[in-house]
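Notes for the one structure printed next.
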Amino acid sequence: RSLTTDSTTSHTVPTPPLPLSKPETSKPRQSRLYPRPRPAVPHQRQALPTLPPSFGRNQVLPVPDSTRALLEDIVGSFEAPIRYAFAYGSGVFEQAGYAKQQDMEDRPMLDFIFAVTHSDHWHSINMQQHPGHYPLHARILGSSFVSKTQALSPGLWFNTFVPMKGVNIKYGVTTVDTLCADLLNWRTLYLAGRMHKPLRIIKDDARVRLTQQVNLTSALRTALLMLPESFTQHELFSAIAGISYSGDPRMVLPAENRGKVENMVSRQEDQFRELYWRLAQGLPGVRWAAGSKSVEQDTSPHARAAHLKKLPEELLKHVHKRAEGRGPPREADESAYWLRIAGDKELPSILDSEITNIVRYPATVQSLKGIVSAGVAKSARYSAAKVTKWWKG
């Protein structure tokens, strides 16, 4: 019996341990310091705006297939992402005084503008792929230095005398924001002015195409305000092409062809007409028949005031300053204010001088930035080529 008792006692099954509970985490009390976390929402990018297929078709200018293929091949060779790209100048569209040459050294340089989203990131990638496009000091200081220099007015960085695909190219890099701001407001007229003239779009962007249409219409309105009641389309195109050269120090110094506007317009009238004829049909008081090279416009104060009110913000700001003290203020009677300015016989000269004031500073800064972005050797080479054009012009 004792053995039985001992055996039973010794083989008693132990009580199973209690299940381990998860350690409680100390949660902070909800307060301003510890607000309730927001529910996770999957990030969805907004779809890019789309435009009707026919919108801005005047901007798409044809070029020979060989030129188109070359331009697309050059832009496509850049690994850094480009949102909008166009080519311009005598290397793309023929100009008087430039004979077609087969030798790379004698060909006009191909000029490009690339609009990107983040310039620092873009230059970082491009420096890895094309270090030779940048001068030594820019490679040492890095993409941050390049993007900060680029940000100085008017907001471009140029790499020049770059051999690619058998030709020499020059390409300027800017941001889409900088480009669109200038197209809308004419803050510097550096980019907007270049885009008043024929160019070949290589990579398109809906936002840029929309603002470029505004820019072209602004150039047309400005030129109409500077022209008489009747004129030729050649005179209209010359007035438009000359907007961006007003105040440019290169036109005064021996740094640009003095006959550049005439050389451009004389060989590119068809391209200018494609850019502006359809836009002119939508403006009040403008009579420009489909097959005619003569243009007429209503020059009454009411008609000119309609153009004047819709000029870009920066140019209007300058015009308002000139109007101060020359009559009743705008607040007294806005309608009379606009009619007074529009009817002023000095309006064309006022516009011309104020455009000069807008262009002069950013154009001068960009010329000085060219020494930094190109380096001393390339700057000297580029300046020598420009002096030669000036002497011939």
Side-chain angles (χ1 to χ4, degrees), residues 48 56 59-61 63 67-93 108-135 138-139 142-165 167-183 188-212 215 244 362 366 369-370 372-374 378 382:
L48 290 175
Q59 300 178 29
V60 184
L61 301 179
V63 295
T67 302
R68 177 186 56 78
L70 175 61
L71 299 177
E72 292 177 357
D73 195 22
I74 290 172
V75 173
S77 65
F78 285 85
E79 295 176 359
I82 300 170
R83 278 183 55 183
Y84 183 84
F86 67 87
Y88 64 100
S90 57
V92 181
F93 297 102
M109 190 183 301
L110 291 177
D111 298 312
F112 295 85
I113 295 291
F114 300 155
V116 305
T117 304
H118 304 290
S119 56
D120 194 345
H121 177 246
W122 195 92
H123 287 295
S124 177
I125 297 173
N126 198 47
M127 275 187 180
Q128 293 292 325
Q129 184 188 8
H130 300 298
H133 293 189
Y134 297 83
R139 297 199 299 269
S143 61
S144 178
F145 164 78
V146 173
S147 63
K148 287 177 182 176
T149 305
Q150 174 187 311
L152 299 175
S153 180
L156 284 106
W157 173 279
F158 276 103
N159 287 330
T160 188
F161 280 110
V162 175
M164 292 190 76
K165 308 296 180 180
V167 294
N168 278 324
I169 74 167
K170 177 183 76 174
Y171 63 92
V173 182
T174 187
T175 64
V176 172
D177 290 342
T178 299
L179 174 59
C180 290
D182 200 36
L183 294 177
T188 68
L189 260 173
Y190 197 90
L191 288 161
R194 271 154 181 71
M195 296 180 72
H196 291 161
K197 300 175 275 289
L199 54 88
R200 174 65 186 184
I201 299 172
I202 306 160
K203 292 194 73 172
D204 205 355
D205 180 87
R207 180 183 168 197
V208 179
R209 183 179 286 213
L210 180 62
T211 52
Q212 166 63 347
N215 178 47
S244 63
Q366 187 60 48
K369 281 167 61 178
V372 178
S373 62
K378 283 187 176 181
Y382 186 72

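Atoms considered below: every heavy atom in the structure, side chains included; atoms not considered: hydrogens, waters and symmetry mates.
Looking at Q212, its side chain does come within 3.5 Å of a backbone N or O of M195 through a donor-acceptor pair. The backbone N or O of W157 lies less than 3.5 Å from no partner atom in the side chain of K369, so there is not a single donor-acceptor pair. Of the possible donor and acceptor atoms, one in the side chain of T174 sits under 3.5 Å from a partner among the backbone N and O of G155. In this structure, the side chain of D182 engages the main chain of L189 through a donor-acceptor pair within 3.5 Å. Checked by atom type and distance alone, the side chain of N168 never pairs as donor or acceptor with a backbone atom of M109 at under 3.5 Å.
Atom NE2 of H196 sits about 14.0 Å away from atom OH of Y88, to the nearest 0.5 Å. To the nearest 0.5 Å, atom CZ of residue R207 and atom CG of residue L179 are 8.5 Å apart. Note that OG of S373 is 9.5 Å distant from NZ of K170, once rounded to the nearest 0.5 Å. With rounding to the nearest 0.5 Å, the separation of CZ in F114 from NZ in K203 is 9.5 Å. Rounding to the nearest 0.5 Å places CG of L156 at 5.0 Å from CD1 of I113. To the nearest 0.5 Å, atom CG of residue D120 and atom OG1 of residue T175 are 12.5 Å apart.
Among all heavy-atom pairs drawn from V146 and A138, the shortest one is CG2-CB, 4.0 Å. In this structure, P154 and T188 approach most closely via the heavy-atom pair CB-OG1, 3.7 Å. Pairing each heavy atom of A80 with each of W122, the nearest pair is CB-NE1, 3.1 Å. Residues S77 and K165 share a closest heavy-atom pair of CB-CE, 4.1 Å. The two residues R139 and G132 have their closest heavy-atom pair at NH1-CA, 4.3 Å. F158 and F112 get closest at one heavy-atom pair: CE2-O, 4.5 Å.
Between H133 and H130, the ring-plane angle classifies as parallel under the 30° and 60° cut-offs. Ring orientation note: the planes of Y171 and F78 are nearly perpendicular, at an angle over 60° on the 30°/60° scale.
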Next on the checklist: Working note: V372 + F145, criterion side-chain contact (heavy atoms from CB on, under 4.5 Å); need CA distance, chi angles, decisive distance, verdict.
Outcome noted: CA-CA 11 Å; V372 178; F145 164 78; 3.8 Å; yes

Checklist entry - Do H123 and Q150 pass the side-chain contact (heavy atoms from CB on, under 4.5 Å) test, and can you show the C-alpha distance, the side-chain angles, and the key distance before you say yes or no? => result CA-CA 10 Å; H123 287 295; Q150 174 187 311; 2.8 Å; yes

Item to check | From CA spacing to verdict: side-chain contact (heavy atoms from CB on, under 4.5 Å), I82, I202 | outcome: CA-CA 10 Å; I82 300 170; I202 306 160; over 6 Å; no

Next on the checklist: With side-chain contact (heavy atoms from CB on, under 4.5 Å) as the criterion, how do L183 and L191 come out once you've worked through the C-alpha distance, each side chain's angles and the decisive distance to 0.1 Å?
Outcome noted: CA-CA 7 Å; L183 294 177; L191 288 161; 5.6 Å; no

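The salt bridge (Lys or Arg N to Asp or Glu O under 4.0 Å) test applied to R209 returns D204, not counting sequence neighbours.
In this structure, the side chains of L61 and L199 stay at 4.5 Å or more apart for every pair of heavy atoms. Side-chain contact between P81 and V116 is absent, with no heavy-atom pair separated by less than 4.5 Å. Taking the side chain as every heavy atom from C-beta outward, Q366 and P362 never approach each other to under 4.5 Å.
Heavy-atom contacts from other residues, nucleotides or ligands closer than 6.0 Å to CD of Q129 number more than 12.
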